[in-house]
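Hydrogens, waters and symmetry mates are skipped; everything else that's a heavy atom, side chains included, is used. Indexing begins at 1, ligand by ligand and atom by atom, following the structure's order.
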Amino acid sequence: MKNFDAINHIKGKSIYIDDFVLPQNALFASVFFSPIAHGKIISFNLEKAKSIDGVVAILSSKDIPGENQIGGIIQDEVLLAENEVHFIGESIFVVVAKSLEIARKSKKLIEIEFEELPAIINEREAFAKNSLLAPPVIFANGNIEEGFSESDFIIEGSFSSGGQEHLYLETQGAFSIPQEGERIKIISSTQNPSAVQKQASKVLGISMNKIEVEVLRLGGGFGGKEDQATPWAVISALAARITNSPVKLVLSRQEDLLVTGKRHPYSSDFKIGLNKDGKILAYEVTYFQNGGAVADLSTAVLERTLFHATNSYFIPNVKATGISCKTNLPPNTAFRGFGGPQGMFVIEFAIEQAANKIGIPKHEIQKKNLLKDGDELHYGQIVENSNSESCWQKAEIQFNIENQIREIKRFNSENQLYKKGFSFMPICFGISFTSTFLNQANSLIHIYHDGSVSISTAAVEMGQGVNAKIAIAAAKTFSINIERIRIETTNTSRNANTSPTAASSGADMNANATILAAKEILARLIESARTELNANPTDLIEIIDEIVFVNHEKTNLTWEKLIWRTYFNRINLSAHGFYATPNIHFDRKTNKGKPFAYHVYGTAFTIAKIDVLRGISKIESVQIVHDFGKSLNPEIDLGQVEGALVQGIGWVTMEELQYSENGKLLANSLSTYKIPDIYSSPDKTEVVFLDNSENRFGPLSSKAIGEPPFMYGIGAFFAIKNAIENAKQEKSKINSSPITNEKILLELYNERK
Ligand code: MTE
Ligand code: LUZ
Ligand code: MOS
């Protein structure tokens with residue numbers, strides 16, 4: 001059993017937004033973006049642009065029938081700029097034409113005059129100018145002053161981590177088709193169909209029930225389509241409404257790179273206190289997040305940074321402050337890990353700095369402070385079923401790490417041109433949306449009277465295999481062959497009020513809702529079988545592998561016969577399941593509660609090798625013990641670990657987002673932005689399943705997998721840094737990620753930038 005889409009992906013047969021066969025009267029939209037990062041619109045003239053043959057309309061904010069407001073959390077984001085622009089790539093006009101070529105040609109003739117205003121690019125500068133997206137947020141426990149006064153060692157420092165482009169293979173896009181009356185259908189490449197529906201309803205000024213959002217699949221999302229698929233879908237709907245024609249809007253790769261938000265760059269200050277035994281007593285940290293020009297999901301991302309400030313460690317006294325800074329960059333957004341990686345990176349760096357100062361290996365401090373059951377996290381949640389230590393210990397034994405470390409030392413003593421380094425990277429990631437209300441999902445099951453099954457849920461397939469997981473959960477619940485099950489598209493007319501497929505909880509919550517719906521139908525089927533077989537009320541009736549059993553005895557009533565008889569007897573073969581994650585809550589006044597259903601744990605051991613002459617790094621091996629719970633599908637889950645790991649390694653070793661002084665992304669093509677490929681992935685990746693892991697919150701005891709393994713990639717940064725230190729025989733001053741080859745070379749030869 002693999003990802004359902006695997007074969008068609010390989011054959012090139014899977015359909016994405018740009019592949020839908022268009023009706024004959026379809027039009028094409030192209031957006032005119034702000035070329036400056038900050039300024040006032042003084043005047044514009046669209047006449048020349050309109051005069052081109054084949055241009056049907058050029059829309060501006062004045063053409064919006066409803067509200068021009070699409071901010072999800074904070075109402076600070078317009079669909080089309082009115083009088084001011086705040087980042088390069090802000091949408092101003094929409095050209096709608098008979099072909100994309102015509103629309104693009106027309107766009108070049110738009111005349112517009114700005115009065116440029118100063119632009120802020122950097123988060124520290126924004127903070128200094130009090131340019132914030134929201135007030136600072138503090139998560140704290142214990143008593144930080146006492147913690148530091150009891151400490152034998154106190155280490156202070158700063159650390160910054162860079163942004164990251166999602167680089168989903170399918171760029172942002174949507175296609176809208178006007179229907180009868182006011183109704184409109186939007187086919188979107190979004191992780192969040194209900195958000196598209198809601199924002200389109202606001203912008204068009206019609207109720208949500210007149211808008212149908214349909215999602216077949218995404219060519220990748222990685223968080224980049226949690227919030228930022230919405231504007232394109234809404235623009236295409238607006239254009240479709242105004243021209244009364246189907247309208248397609250798909251961004252080119254370069255447009256997508258330039259105008260969409262990315263992982264948030266962070267810059268942070270920390271202070272960590274430890275006692276002589278290496279116990280961490282106090283940790284104070286302030287995160288400056290580069291949020292971009294509007295809030296988007298930044299405040300939620302920042303909150304997850306605060307939740308994951310202490311990674312997999314218990315620290316009794318913590319004060320973590322998060323500051324979401326408003327800059328003139330495209331709004332940064334959700335990206336796998338959702339602020340968690342940025343938070344965890346700083347504590348890992350702080351521990352490394354402490355180890356250097358105290359003169360003991362970093363991993364001794366890490367190991368000594370791992371979470372145990374009963375520990376209270378700084379946000380009030382009590383640790384239960386911690387697998388923090390068991391993953392670490394299993395890694396030590398299974399991978400024979402002591403030997404490997406000895407081998408690395410031997411290698412380094414015998415080689416001058418190459419040096420090796422290693423790191424441990426434990427992870428602890430909370431599963432649940434941190435906004436409690438989002439933790440709900442629903443599933444609609446129909447069994448057709450031929451015995452085939454149709455399932456619609458809120459989950460969006462974006463390559464992560466959620467469809468296969470939902471089908472597995474249903475097949476196991478009914479005890480039928482998975483071939484009988486079809487997972488339908490995600491559609492707001494079938495599943496309402498859905499949360500985005502995000503926070504790694506898409507499979508968890510939608511499979512749980514599916515199991516509930518399936519159990520409801522199953523209960524009816526069991527009674528139907530009882531009637532059919534004239535069994536007694538006390539007889540045990542079961543369906544096992546598509547056959548009905550009575551008191552453990554096989555009968556000749558098959559699934560297909562049973563379904564037909566149930567239908568014939570006018571019993572409902574459909575059900576709607578609703579799942580809300582139980583017992584979670586979080587109080588935003590005190591910043592305490594139990595926000596997460598559970599945590600996912602694991603440990604990665606990474607070995608890096610650097611070429612001392614050229615500064616080139618290579619990740620030799622990453623060996624991971626990961627806590628999968630009882631995996632619904634080991635192949636898909638392994639794929640998720642490997643993919644996330646390489647994405648994480650890319651973030652910390654080579655992906656570098658550089659902006660010009662005036663806020664233009666310089667790395668705006670794949671020739672200037674380097675992402676990991678097969679050559680830069682580890683020579684060896686070994687993933688071991690932690691055994692005996694249970695999870696009563698996951699479907700069939702599984703655990704969420706989508707985001708947590710991303711954080712293993714952080715280990716690559718520290719392994720490379722360790723290799724540099726082994727080469728130089730002194731501690732490295734590098735305190736920013738990514739650790740590119742260029743940076744390694746300069747550091748080796750003390751030519752710091
Ligand atoms: N895997 C693939 N192939 N493509 C993706 O876009 N997104 C990741 C992860 N794995 C993604 C992926 C992110 S950011 C999340 S939150 C989860 O998948 C979402 O899916 P899930 O909740 O079903 O795990
Ligand atoms: N999205 C969100 C997320 O809205 N809330 C979250 O907590 C979250 N976590 C991870 C990824 N996306
Ligand atoms: Mo994932 S960042 O929650 O879409």
So, does Ser504 sit close enough to ligand 1 that a heavy atom of it is under 4.0 Å from the ligand? yes
Under 3.5 Å between any N/O of Gly506 and any N/O of ligand 1: does that happen in this structure? yes
The protein heavy atom nearest to atom 9 (N) of ligand 2 is Arg304 NE, 2.9 Å
Distance-only polar pair, side chains of Asn491 and Glu214, donor-acceptor under 3.5 Å: yes
Residue, atom and distance of the protein heavy atom nearest atom 5 (C) of ligand 1 read Phe222 CE2, 3.2 Å
Show which atoms of ligand 1 fall inside a sub-4.0 Å distance from at least one heavy-atom site of Ala503. 16 (S)
Validation row: Tyr313, Ile347 side chains within 4.5 angstrom (heavy atoms): yes
Side-chain heavy-atom pair Leu79, Pro231 within 4.5 angstrom cut-off: yes
Tyr168 six-ring centre to Lys225 NZ/CZ under 6.0 Å and within 45° of normal: yes
For residues Ile431 and His599, determine if any side-chain heavy atom of one lies less than 4.5 Å from a side-chain heavy atom of the other. no
Residues Arg696, Glu694: salt bridge by 4.0 Å N-O rule: no
Considering only heavy atoms from C-beta outward, does the side chain of Leu306 approach that of Val137 to under 4.5 Å? yes
What protein heavy atom is closest to atom 8 (C) of ligand 1, reported as residue, atom name and distance in Å? Arg336 NE, 3.8 Å
Any side-chain heavy-atom pair of Gln289 and Cys325 under 4.5 Å: no
Closest to atom 20 (O) of ligand 1 among protein heavy atoms sits Gln464 NE2, 3.1 Å
Begin with the C-alpha distance, continue with both residues' side-chain angles, and end with the deciding distance and a verdict on ring-ring contact (aromatic ring centres under 6.0 Å, His included) for Phe307 and Phe139. CA-CA 8 Å; Phe307 281 114; Phe139 279 26; 4.9 Å; yes
Please report which non-hydrogen protein atom sits nearest to atom 10 (N) of ligand 1, along with the residue it belongs to and the distance in Å to one decimal place. Gln640 OE1, 2.7 Å
Under a 4.0 angstrom heavy-atom cut-off, which atoms of ligand 2 come close to Glu707? 10 (C), 11 (C)
Would you call Asp5-Lys13 a salt bridge at under 4.0 Å N-O? no
Under 4.0 Å between heavy atoms, the region of Leu297 that gets near ligand 2 turns out to be neither
With atoms numbered from 1 as shown, which atoms in ligand 2 lie under 4.0 angstrom from a non-hydrogen atom of Leu438? 4 (O)
Anything under 30° is parallel, anything over 60° is perpendicular, the rest tilted; go ahead and classify Phe345 against Phe717. perpendicular
Would a 4.5 Å heavy-atom cut-off, applied to side chains only, mark Ile427 and Tyr601 as touching? no
Going by heavy atoms, is Glu303 under 4.0 Å from ligand 2? no
Extract all N/O-N/O pairs under 3.5 Å that connect ligand 3 to the protein, and present each with both atom names and the distance rounded to 0.1 Å.
residue	atom	partner	partner atom	Å
ligand 3	3 (O)	Ala503	N	2.6
ligand 3	3 (O)	Glu707	OE2	3.3
ligand 3	4 (O)	Gln191	NE2	2.8
ligand 3	4 (O)	Gly223	N	3.3

Between Ser505 and ligand 1, which residue portion shows a heavy-atom distance shorter than 4.0 Å: side chain, backbone, both, or neither? backbone
Any side-chain heavy-atom pair from Gln647 and Glu642 closer than 4.5 angstrom? no
Do the side chains of Arg588 and Glu303 get close enough for a salt bridge, i.e. N-O under 4.0 angstrom? yes
Would you say that Val383 contacts Leu377 through its side chain, given a criterion of any heavy-atom pair below 4.5 Å between the two side chains? yes
Specify the protein heavy atom at minimum distance from atom 6 (C) of ligand 2: its residue, its atom name, and the distance to 0.1 Å. Phe338 CE2, 3.5 Å
Among Gly463, Ala507, Gly706, which one has a heavy atom closest to atom 3 (N) of ligand 1? Gly463
Under 3.5 Å between some N or O of ligand 1 and some N or O of Thr501? no
Of all the atoms in ligand 1, which lie at a distance below 4.0 Å from a heavy atom belonging to Gly221? 5 (C), 6 (O)
Nearest protein heavy atom with distance in Å, relative to atom 7 (O) of ligand 2: Thr434 N, 2.9 Å
Using a strict cut-off of less than 4.0 Å between a Lys/Arg side-chain nitrogen and an Asp/Glu carboxylate oxygen, indicate whether Arg336 and Glu707 qualify as a salt bridge. no
Should Met462 be counted as touching ligand 1, given the test is an N or O pair under 3.5 Å? yes
Could you check whether any heavy atom of Glu226 sits closer than 4.0 Å to an atom of ligand 2, since that is the contact criterion I want to use? yes
Nearest 0.5 Å, please: how far is CG in Leu169 from CE in Met462? 14.0 Å
Close-contact set for ligand 1 against Glu707 heavy atoms, below 4.0 Å: 16 (S)
Between the side chains of Tyr16 and Glu170, does any donor sit under 3.5 Å from an acceptor? no
At less than 4.0 angstrom from any non-hydrogen atom of Gly220, what atoms of ligand 1 do you find? 6 (O)
Which atoms of ligand 1 have any heavy atom of Ala502 under 4.0 Å away? 16 (S)
Can you tell me which portion of Phe433 lies within the under-4.0 Å heavy-atom range of ligand 2? Options are side chain, backbone, both, or neither. both
Between Ala503 and ligand 2, which residue portion shows a heavy-atom distance shorter than 4.0 Å: side chain, backbone, both, or neither? both
